[in-house]
A.B. asks: 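Structure incoming, see below.
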There are 2 protein chains.
Amino acid sequence: MSGIQLNELQALDIWRRAIVASVRADAPDLSARQMALLLSVYLTPPPHTVRGLAQLMKVSKPAITRAVNRLTELELVRRKTDEADRRSVFIQRTVRGSVFLREYGELIVSAALGETEGSSDGLPPRY
Amino acid sequence: MSGIQLNELQALDIWRRAIVASVRADAPDLSARQMALLLSVYLTPPPHTVRGLAQLMKVSKPAITRAVNRLTELELVRRKTDEADRRSVFIQRTVRGSVFLREYGELIVSAALGETEGSSDGLPPRY
DNA sequence: CGCTATTGTTTCGCTAGCGTAATCTCTAGG
DNA sequence: CCTAGAGATTACGCTAGCGAAACAATAGCG
């Protein structure tokens, strides 16, 4: 039909397809916080600092440090100290992170297309 | 207005807004596996067993057991043994889980509307 | 300089989650 | 009955992550 009539149930179902596909593909099992951080770094304008991300996500700075540690191990982001103020640390993108998120986006789009094609009927059982 | 031109970047940005809002709202910090399980239980037709979910998500059965433990503590799902075959355990929905996912869906829809309606200002209204 | 404020990390004690292997419980077939 | 096997959980040793508090490093101002 015309496009995605994005009601809540369809939105959830798209998300279900995408995240199940991601888990099946053995992608790293990121927590919501880690994913929020990753997406923020890639999709909002830099610079991104620990302090800024902590405020954005309303979590403690150590929580950001730990999430960055994890994402750095996975090479999805990297640290770069701000030379203008050496107390600050910038969280930056990496090639691997770009690839990861690109594929993630494709997953969501595929899930959305699968959703709209055909299955206009079955709103899954009552809810 | 009829639908969302869902390219990868927009998809990711919608997801970013939704998950950041969720984290800010202090929602439980579920992992991708846990979220995949939760969505599968609510959006695909029952019955859902440990074995079936393990196959669906391509993870080990103990991993499913642990995820169900966690989601049960949060009262987002519950266990029910199959009386016809008492080895099996059904993973079922709960009222709290329905509410949780409903709100989650609203979050995504809000994020999508914010995305398409060009309210590119700061954060969407906080949740 | 000295002092205070800011920024990020580390430490502490603890909980959650991992994969593999073992175990428990139940079913079904002979 | 009894046994083979299926389904789920538990045990084990380990890693990751938590919040709160302490810490280290740097900035900036008097």
Side-chain angles (χ1 to χ4, degrees), chain A residues 19-20 22-41 46-92 100, chain B residues 19-20 22-41 46-92 100:
Chain A
I19 197 165
V20 167
S22 172
V23 170
R24 285 181 65 89
D26 214 28
D29 190 30
L30 301 182
S31 70
R33 287 184 176 188
Q34 291 165 347
M35 197 63 186
L37 195 157
L38 185 62
L39 287 167
S40 295
V41 167
H48 304 285
T49 63
V50 173
R51 173 106 177 126
L53 291 167
Q55 281 181 316
L56 174 69
M57 299 166 53
K58 273 198 190 166
V59 299
S60 69
K61 287 189 297 175
I64 299 294
T65 291
R66 283 186 293 255
V68 171
N69 286 346
R70 171 79 168 127
L71 296 175
T72 297
E73 284 170 14
L74 295 170
E75 291 182 77
L76 298 180
V77 303
R78 63 175 168 167
R79 286 183 167 91
K80 178 80 169 55
T81 60
D82 177 2
E83 290 303 328
D85 180 349
R86 301 183 50 79
R87 290 172 302 180
S88 272
V89 170
F90 295 144
I91 315 301
Q92 300 181 323
F100 177 80
Chain B
I19 197 166
V20 167
S22 172
V23 170
R24 285 180 65 89
D26 215 28
D29 191 31
L30 301 182
S31 70
R33 286 184 178 188
Q34 291 165 347
M35 197 63 187
L37 194 157
L38 185 63
L39 287 166
S40 294
V41 167
H48 304 285
T49 63
V50 173
R51 173 103 176 128
L53 291 166
Q55 280 181 316
L56 175 67
M57 298 167 53
K58 273 198 191 167
V59 299
S60 69
K61 287 190 293 177
I64 299 295
T65 292
R66 283 185 294 254
V68 171
N69 286 346
R70 172 78 168 128
L71 295 175
T72 298
E73 284 170 15
L74 295 170
E75 292 182 78
L76 298 179
V77 302
R78 64 176 168 170
R79 286 183 166 91
K80 179 79 169 54
T81 61
D82 176 3
E83 290 303 328
D85 180 349
R86 300 184 49 79
R87 290 173 300 179
S88 272
V89 171
F90 294 144
I91 315 302
Q92 299 181 324
F100 177 80

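Labels below follow one simple rule: chain letters A, B, ... track the order of the sequence lines, proteins then strands, and each chain is numbered from 1. Bear in mind that the values here come from a model prediction, so they are computed numbers and not experimental data. Hydrogens, waters and symmetry mates are skipped; everything else that's a heavy atom, side chains included, is used.
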A.B. asks: Starting from the 5' end of DNA chain C, give me the residue, A/S88 or A/D29, whose nearest nucleotide shows up first.
C.D. replies: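 In this pair, the answer is A/S88.
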
A.B. asks: I want to confirm an ordering. Mapping B/D82 and B/A67 to their closest nucleotides on DNA chain C, which one lands closer to the 5' end?
C.D. replies: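 The residue closer to the strand's 5' end, by nearest nucleotide, is B/A67.
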
A.B. asks: Atom CG of A/D85 and atom C1' of C/dA5: how far apart are they, to the nearest Å?
C.D. replies: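 Rounded to whole Å, this separation is 12 Å.
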
A.B. asks: Calculate the interatomic distance between A/K61 atom NZ and C/dT10 atom P; express it in whole Å.
C.D. replies: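 After rounding, the gap between these two atoms is 13 Å.
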
A.B. asks: In this structure, how many angstroms lie between the C1' atom of D/dA8 and the NE2 atom of B/H48, rounded?
C.D. replies: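 Rounded to the whole Å, the gap is 17 Å.
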
A.B. asks: Look at the side chain of B/R87 and decide which nucleotide, out of D/dA6, C/dT20, C/dT9, has an atom nearest to it.
C.D. replies: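 That would be D/dA6.
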
A.B. asks: Would you indicate whether the side-chain heavy atoms of B/L56 and B/S40 approach each other to under 4.5 Å?
C.D. replies: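 Heavy-atom side-chain distance check passes, below 4.5 Å.
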
A.B. asks: Taking side chain as C-beta onward, heavy atoms only, is A/L71 less than 4.5 Å from A/L30?
C.D. replies: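 In contact.
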
A.B. asks: What integer distance in Å separates B/L30:CG from D/dG17:P?
C.D. replies: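 These atoms are roughly 15 Å apart.
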
A.B. asks: Would you say the side chain of A/V89 lies within less than 4.5 Å of the side chain of A/H48, judging by non-hydrogen atoms?
C.D. replies: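 Not in contact.
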
A.B. asks: I need the CE-P distance between A/M35 and D/dG17, as an integer number of Å.
C.D. replies: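 Distance, rounded to whole Å: 15 Å.
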
A.B. asks: Which nucleotide, D/dA20, C/dC18, C/dG8, lies nearest any side-chain atom of A/T49?
C.D. replies: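 Looking only at side-chain atoms, A/T49 lies closest to C/dG8.
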
A.B. asks: Does B/R70 put a side-chain nitrogen or oxygen below 4.0 Å from OP1 or OP2 of C/dG17?
C.D. replies: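 True: B/R70 side-chain N/O within range (under 4.0 Å) of C/dG17 OP1/OP2.
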
A.B. asks: If only side-chain N and O atoms of A/R33 are considered, is one of them under 4.0 Å from the OP1 or OP2 phosphate oxygen of D/dA16?
C.D. replies: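 For D/dA16, neither OP1 nor OP2 has a side-chain N or O of A/R33 closer than 4.0 Å.
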
A.B. asks: Determine: side-chain N/O of A/R66 to OP1/OP2 of D/dG19, distance under 4.0 Å, yes or no.
C.D. replies: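 It does, given that an N or O in the side chain of A/R66 lies less than 4.0 Å from OP1 or OP2 of D/dG19.
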
A.B. asks: The test is side-chain contact (heavy atoms from CB on, under 4.5 Å); show your working for B/L37 and B/R33 and say whether it passes.
C.D. replies: CA-CA 6 Å; B/L37 194 157; B/R33 286 184 178 188; over 6 Å; no

A.B. asks: Are OP1 or OP2 of C/dA16 and a side-chain N or O of B/Q34 less than 4.0 angstrom apart?
C.D. replies: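 Answer no for this pair, as no side-chain N or O of B/Q34 is under 4.0 Å from OP1 or OP2.
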
A.B. asks: For D/dA8, does OP1 or OP2 lie under 4.0 Å from any side-chain N or O of B/T65?
C.D. replies: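 For B/T65, the contact criterion (side-chain N or O under 4.0 Å from OP1 or OP2 of D/dA8) is not met.
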
A.B. asks: Please examine the side chains of A/V41 and A/L53, heavy atoms only from C-beta on, and report whether any two atoms are closer than 4.5 Å.
C.D. replies: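 They are in contact (side-chain heavy atoms under 4.5 Å apart), so the answer is yes.
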
A.B. asks: Taking OP1 and OP2 of C/dT7, is either one under 4.0 Å from a side-chain nitrogen or oxygen of A/R51?
C.D. replies: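 It does, given that an N or O in the side chain of A/R51 lies less than 4.0 Å from OP1 or OP2 of C/dT7.
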
A.B. asks: Counting heavy atoms from C-beta on, name the nucleotide in D/dA27, C/dG8, D/dT9 closest to the side chain of A/R86.
C.D. replies: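 Selected nucleotide (nearest to the side chain): D/dA27.
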
A.B. asks: Rounded to whole angstrom units, what separation is found between the CZ atom of A/R79 and the P atom of C/dG8?
C.D. replies: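 Distance check: A/R79 CZ to C/dG8 P gives 10 Å.
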
A.B. asks: Please report, rounded to the nearest Å, how far the P atom of C/dT7 is from the CZ atom of A/F90.
C.D. replies: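 It works out to 12 Å between those atoms.
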
A.B. asks: I need the CG-C1' distance between A/L74 and D/dT15, as an integer number of Å.
C.D. replies: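 My rounded result for the distance is 13 Å.
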
A.B. asks: Quick check: on DNA chain D, is the nucleotide nearest B/P62 upstream (toward 5') of the one nearest A/S31, or the reverse? Name the residue that is more 5'.
C.D. replies: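 Closest to the 5' end, via its nearest nucleotide, is B/P62.
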
